[in-house]
2 protein chains.
Amino acid sequence: MKFSRTSQRRVILSELRKLKSHPTADDLYTIVREKLPQISLGTVYRNLDQMAAAGIIQKLELSGRQKRFDGNVEKHYHMRCPHCGAVKDVENERLADVENILSDVLDELGADSFWIEFTGHCKDCNKAEAGLV
Amino acid sequence: MKFSRTSQRRVILSELRKLKSHPTADDLYTIVREKLPQISLGTVYRNLDQMAAAGIIQKLELSGRQKRFDGNVEKHYHMRCPHCGAVKDVENERLADVENILSDVLDELGADSFWIEFTGHCKDCNKAEAGLV
DNA sequence: CCGTTTTTAGTAATGATTACTATTTTTAAA
DNA sequence: TTTAAAAATAGTAATCATTACTAAAAACGG
Ligand SMILES: [Mn+2]
Ligand SMILES: [Mn+2]
Ligand SMILES: [Zn+2]
Ligand SMILES: [Zn+2]
């Protein structure tokens, strides 16, 4: 019930916070093993889930097969590339208006929360499709 | 490449169209087996995927473990109950405004599409939590 | 009909995640 | 510091949803 301070949890969190790539659990497993070669995949999953439940990190349940994790717990949005699967942060002033409207919609519906996600080709995949790479 | 007319496909589609519950593939498998006891789960998955690819039905890649299917191909939104997992259609006039803004946001981001989903307790689970059931 | 294409049932395989368990580590109190 | 309880771990097994494979059957188009 209470968090212990373990090297596993510390390294998982610090590696996640270094990344802007929204890694999956096994992406992190690969990265963390360079510091802690003995760590098990189950430990990575367990710690990520615990930290997400505690609000220390975010678990992104985007469409697609694997869940992704985000060290940035502020409310923000993501775009997934349908070609390579990359997930990028999205910024746009108008999203504040969307949030305001949806906040009213939540009240009217008696709903608790909303989720928005975008799909679109990332820079690299755009270049590739244009034959530039 | 071309669709053959099979009883399996016909029954899957007609049963899906009767439902407003956004069933999973195995929900439909259970239902369809009453008409076609020999059908296999793989056939249900394959036909649902094919029909979704052809735009005859919708595949909902909501967060959560299983994919769900919708006989209604019009653009509309859904709310998932975090307690029982039920998925219901959502209607609200203000969503048109959200769509308009997001359509501009798509252009500005160079994105292709957006997805919105809501979370909120359904009627039954609200009653249950209020101790009325 | 008849050769070709598509689909099927049944089963095996896959991939992501979760569960189990004996052992180790951490914690907090004595 | 010692120590008993609580939490976490590595390693492994199990689960769940989905996809892949395959030989046989059905649908198609002429
Ligand atoms: Mn992010
Ligand atoms: Mn619907
Ligand atoms: Zn890409
Ligand atoms: Zn409910």
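Proteins come first, then strands; the chains are lettered A, B, ... in the order of their sequence lines, and each starts at number 1.
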> Should B/Tyr77 and B/Lys88 count as side-chain neighbours, where that means a heavy-atom distance under 4.5 Å?
Replying inline: no
>> Among residues 11-21 of chain B, which ones have heavy-atom contacts with DNA chain C below 4.0 Å?
In response: none
>> If I take atom CD in residue A/Gln66 and atom C1' in nucleotide C/dT17, what distance separates them, rounded to the nearest angstrom?
In response: 10 Å
> Measuring from B/Leu62:CG to B/Phe118:CZ, what's the distance to the nearest 0.5 Å?
Replying inline: 12.0 Å
> For the residue pair A/His121 and A/Pro82, what are the closest heavy atoms and their distance?
Replying inline: CE1-CG, 3.7 Å
>> From CD of B/Gln8 over to P of C/dG10, roughly how many Å is that when rounded to an integer?
In response: 11 Å
Check nucleotides 26-28 of chain D against the protein and report each pair of N or O atoms closer than 3.5 Å, with its distance, or say if there are none.
unit_1, atom_1, unit_2, atom_2, d
D/dC28, OP1, B/Arg5, N, 2.8

Tabulated below should be each protein N or O lying under 3.5 Å from an N or O of nucleotides 22-24 of chain C; please produce it.
none

> If you take all heavy atoms of A/Gly120 and A/Met79, which pair is closest and at what distance?
Replying inline: N-CG, 3.6 Å
> Under a 4.0 Å heavy-atom cut-off, which of residues 23-54 of chain B touch DNA chain D?
Replying inline: B/Leu41, B/Tyr45, B/Asp49
> Rounded to whole angstrom units, what separation is found between the NZ atom of B/Lys67 and the P atom of D/dA17?
Replying inline: 12 Å
> Is the NZ or CZ atom of B/Lys75 positioned over B/Phe114's six-membered ring, under 6.0 angstrom from the centre and within 45° of the axis?
Replying inline: yes
> Does A/Glu15 pair with A/Lys35 as a salt bridge, N-O distance under 4.0 Å?
Replying inline: yes
>> For A/Asp49, is there an ion pair with A/Lys59 - N to carboxylate O distance below 4.0 angstrom?
In response: yes
> Going from CE on B/Met51 to CZ on B/Arg46, what distance comes out if it is rounded to the nearest 0.5 angstrom?
Replying inline: 11.0 Å
>> Taking the cut-offs as 6.0 angstrom to the six-membered ring centre and 45 degrees off its axis, would you call B/Arg9 and B/Phe3 a cation-pi pair?
In response: yes
> Which distance, rounded to the nearest 0.5 Å, do you find between the OG1 of B/Thr30 and the CG of B/Leu41?
Replying inline: 9.0 Å
> Roughly how bent is the helix from C/dC1-D/dG30 to C/dA30-D/dT1 end to end, in steps of 10 degrees, with each end axis from five pairs?
Replying inline: 40°
> What heavy-atom pair brings A/Ile12 and A/Leu28 nearest, and what distance separates the two atoms?
Replying inline: O-CD2, 4.5 Å
> Between the side chain of A/His76 and the main-chain N/O of A/Glu74, is any donor-acceptor distance below 3.5 Å?
Replying inline: yes
>> Using side-chain heavy atoms (C-beta onward) and a distance below 4.5 Å, is A/Ser21 in contact with A/Asp27?
In response: no
> Does any pair with a residue in residues 5-37 of chain A pass ring pair (Phe, Tyr, Trp, His ring centres under 6.0 Å), and if so which ones, sequence neighbours excluded?
Replying inline: A/His22-A/His78
>> With heavy-atom distances below 4.5 Å as the criterion, would you say the side chains of B/Asp89 and B/Lys20 are in contact?
In response: no
>> What is the distance, to the nearest angstrom, from the CZ atom on A/Arg68 to the P atom on C/dT17?
In response: 11 Å
> What is the distance, rounded to the nearest whole Å, between atom CZ of A/Arg9 and atom C1' of C/dT25?
Replying inline: 12 Å
